[in-house]
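Mind looking over this structure? Questions follow.
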Number of protein chains: 2
Amino acid sequence: MKPSEQSVPLQNASTGEIADWIRAQIRANRMVPGQRLVEADLIRQTGSSRFKVREALQRLAAEGLVVIEEFRGASVREASMEEIHQLYRARAALEGMCTADFVRLATPQEKQRLYDLADEIEACIDEDLSEEFGTLNNRWHRQIMQVSGNTVLAALVTRLHTPVQRLQFANFYRGDRLSSAVEDHRAIVAAIKKGDAEAAEAAMRQHIENGLRYLTAVDKAVRND
Amino acid sequence: MKPSEQSVPLQNASTGEIADWIRAQIRANRMVPGQRLVEADLIRQTGSSRFKVREALQRLAAEGLVVIEEFRGASVREASMEEIHQLYRARAALEGMCTADFVRLATPQEKQRLYDLADEIEACIDEDLSEEFGTLNNRWHRQIMQVSGNTVLAALVTRLHTPVQRLQFANFYRGDRLSSAVEDHRAIVAAIKKGDAEAAEAAMRQHIENGLRYLTAVDKAVRND
DNA sequence: GCCGACAAAATTGTTGACAATCGGCATGTG
DNA sequence: CACATGCCGATTGTCAACAATTTTGTCGGC
């Protein structure tokens, strides 16, 4: 039917793999909030069985990524701006804490790896590779959390961030925001190099709050369209 | 069979209600980590169908409260001490933030309600009502988060805290820990009354870190038994 | 053209039966 | 007695069919 169907090799996928696939679709803004997720379509697209698809939808419902209504099935949940606001503040608090841990616990090699990642991210900006930018940026944040020993929190933050990534994909990584983020990264790296955990934590919180500010501005602009 | 069965009126329960019931069992330490959750038993205990039970288990698996293994079914997941450590630190960061918000945003009536709750909690201590203490203590923490406007975070923290509550139920609320917690509460209340958001945040973080310290001590003692 | 009633199609909820797998138990062998 | 082997009950995974409900389409009447 649509040219996009069957483009993904998901034959005999497990429940978890199907859930991952749907999550990826939502992140990439190919399934938008409010859109109904019809079981039959998902079966075709994933090449799996109805049973597995329903299990995957239940899991996503528990994560809060979709809502399931009686006899109306699953649809992508719309995260309110209020909710996004709270999630960003949570991220600021948690990642700030992780960054301070990173300063105290990371080995020189791990720190160097982070600096290299930052350079790669900067390189993207000149060539306007916004998608690559997003991928590397996610890796940068995860690197800090994992190296700081907070693997559980890393997974949690990733989940919390999922409903927001769609907005980033659609509106976020543009022009001035990219360079602003790079500047934030530089400040964080500088604090880490100095070994100043408190300053690094503050810089990370600032970085994330800048992201929230940009996102609210974009949202307001979109609504006034 | 056992006298405890059929004690809960869950006829024709929805998927969510079944999940809630299982969560409650885990919190109350009536289903312990490693214990297998046999579908047939759950069907008997909840009076529901296999279909709904399986859906509920999928949701709980997504929350990380149970693990589902191929052909071995669901069992209560054991949270490692390392994981509990991270969850407590996350709580400290998040609830600390909420407490600062509370100082800035709560109305006088809402503040008074919190003081009253603190008094009720203190009253429990003399009469050794540890169960009542737990209930009121949860309400106290939730009150702060909800009034501070962070309703989404309140739900999140509650979920994060679920695997820990079992430990509290079993070992936690005893003797000196109760009075230590009450002292922490007093410090928080004092900071709120002064309107000092920063001090309130610090006191809340200290309170939660004290809880973690006590829990690790108990854990170490139990392991050396 | 718009609106309501009604039928048809599409979609989801539920059930029961059957297949696949695991764990324990008995049995036999050295 | 230790240990491998095969069987059987218990438990979970999977599927296909059917029931309940919503959504869509159609047809008169105005």
Side-chain angles (χ1 to χ4, degrees), chain A residues 1-2 4-6 9-22 25-26 30-78, chain B residues 1-2 4-6 9-22 25-26 30-78:
Chain A
M1 198 178 283
K2 290 139 204 145
S4 58
E5 285 190 7
Q6 299 291 357
L10 267 185
Q11 222 73 10
N12 292 1
S14 73
T15 302
E17 288 169 333
I18 295 175
D20 288 342
W21 182 79
I22 297 176
Q25 300 294 106
I26 294 175
R30 292 177 41 106
M31 291 176 175
V32 300
Q35 175 177 336
R36 289 183 58 179
L37 304 180
V38 179
E39 292 175 2
D41 294 342
L42 297 176
I43 292 168
R44 256 179 313 213
Q45 292 171 316
T46 62
S48 190
S49 68
R50 189 176 174 208
F51 187 79
K52 297 250 183 81
V53 165
R54 285 182 67 100
E55 279 190 336
L57 289 175
Q58 284 293 330
R59 292 201 183 187
L60 294 172
E63 285 178 29
L65 215 57
V66 309
V67 252
I68 297 181
E69 293 167 296
E70 184 102 345
F71 290 107
R72 300 217 40 222
S75 51
V76 181
R77 195 170 71 91
E78 171 91 79
Chain B
M1 197 178 279
K2 290 141 204 145
S4 58
E5 284 190 9
Q6 299 292 354
L10 267 185
Q11 223 74 10
N12 293 3
S14 73
T15 303
E17 288 169 333
I18 296 176
D20 288 343
W21 181 79
I22 297 176
Q25 300 295 106
I26 294 175
R30 291 177 42 107
M31 292 176 175
V32 301
Q35 176 176 336
R36 288 183 59 181
L37 303 181
V38 179
E39 293 175 0
D41 294 343
L42 296 176
I43 292 168
R44 254 178 313 207
Q45 291 170 317
T46 62
S48 191
S49 68
R50 191 179 172 205
F51 186 77
K52 296 249 183 84
V53 166
R54 285 182 68 100
E55 280 190 335
L57 289 175
Q58 284 293 331
R59 291 200 181 188
L60 295 172
E63 285 178 28
L65 215 58
V66 309
V67 255
I68 297 181
E69 292 167 294
E70 186 102 345
F71 290 107
R72 299 215 43 223
S75 50
V76 181
R77 195 169 72 90
E78 172 91 78

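Every chain is numbered from 1, with letters handed out A, B, ... down the list of sequences.
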Audit row: A:Leu37, A:Val76, side chain to side chain contact (heavy atoms under 4.5 Å, CB included) steps and yes/no = CA-CA 7 Å; A:Leu37 304 180; A:Val76 181; 4.1 Å; yes
Hey, does A:Gln58 have a side-chain heavy atom less than 4.5 Å from the side chain of B:Thr15?
->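 Side-chain contact under 4.5 Å: yes.
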Contact check, side chains of A:Glu55 and A:Arg59, non-hydrogen atoms, under 4.5 Å |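 When only atoms from C-beta onward are counted, A:Arg59 and A:Glu55 do not touch, as no gap falls below 4.5 Å.
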Using the closest heavy atom to pick a nucleotide of DNA chain D for each, name whichever of A:Arg36 or A:Thr15 lands nearer the 5' end.
->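 Nearest nucleotide further toward 5': that of A:Thr15.
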CD of A:Glu69 versus C1' of C:dT12: gap in Å, rounded?
->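 Going from A:Glu69 (CD) to C:dT12 (C1'), I get 12 Å.
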Atom pair distance, as rounded to whole Å: NZ in B:Lys52 and C1' in C:dG13 |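 Going from NZ in B:Lys52 over to C1' in C:dG13 covers 9 Å.
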Figure out the CD/C1' separation between A:Glu70 and D:dA20, and round it to whole Å.
->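 So the CD-C1' distance, A:Glu70 to D:dA20, works out to 10 Å.
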Candidate nucleotides D:dT23, D:dT12, C:dT14, ranked by approach to the side chain of B:Phe51 - the nearest =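 Out of D:dT23, D:dT12, C:dT14, the nucleotide with an atom closest to B:Phe51's side chain is C:dT14.
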Nucleotide D:dT21, atom P - distance to CD1 of A:Ile68 in whole Å =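 Those two atoms, CD1 and P, are 18 Å apart.
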For A:Ile18 and D:dG13, what is the distance between atoms CD1 and C1' respectively, to the nearest whole Å?
->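 Answer to the nearest Å: 14 Å.
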For the side chain of B:Phe71, starting at C-beta, report the closest nucleotide among D:dT11, C:dC22, D:dA20.
->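 The answer is C:dC22.
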Establish whether the base of C:dG23 is bridged to the side chain of B:Arg72 by a donor-acceptor pair shorter than 3.5 Å.
->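 For B:Arg72, whose side chain was compared with the base of C:dG23, there is no donor-acceptor pair (under 3.5 Å).
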Interatomic distance where CZ belongs to B:Arg54 and P belongs to D:dT11 [whole Å] |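 Atom CZ in B:Arg54 sits about 14 Å away from atom P in D:dT11.
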Closest contact, heavy atoms only, A:Leu57 versus A:Ile68 |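 Closest approach of A:Leu57 to A:Ile68, heavy atoms only: O-CD1, 3.9 Å.
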Provide the closest heavy-atom pair for B:Ser48 versus B:Lys52 in the form atom of the first, atom of the second, distance.
->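 Closest approach of B:Ser48 to B:Lys52: OG-CB, 3.6 Å.
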Figure out the CZ/C1' separation between A:Arg50 and C:dA10, and round it to whole Å.
->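 In whole Å, C:dA10 C1' and A:Arg50 CZ are 12 Å from each other.
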Taking only N and O in the side chain of A:Ser49, is any of them less than 4.0 Å away from OP1 or OP2 of D:dT14?
->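 For A:Ser49, the contact criterion (side-chain N or O under 4.0 Å from OP1 or OP2 of D:dT14) is not met.
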How many Å lie between CD on A:Glu39 and P on D:dA17, as a whole number?
->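 Going from CD in A:Glu39 over to P in D:dA17 covers 17 Å.
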For A:Leu57, answer base if it contacts any base atom (sugar-phosphate contacts may also be present), sugar-phosphate if it contacts only those atoms, and nothing otherwise; contact means non-hydrogen atoms under 4.0 Å.
->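 Answer is nothing: A:Leu57 stays at 4.0 Å or more from every strand.
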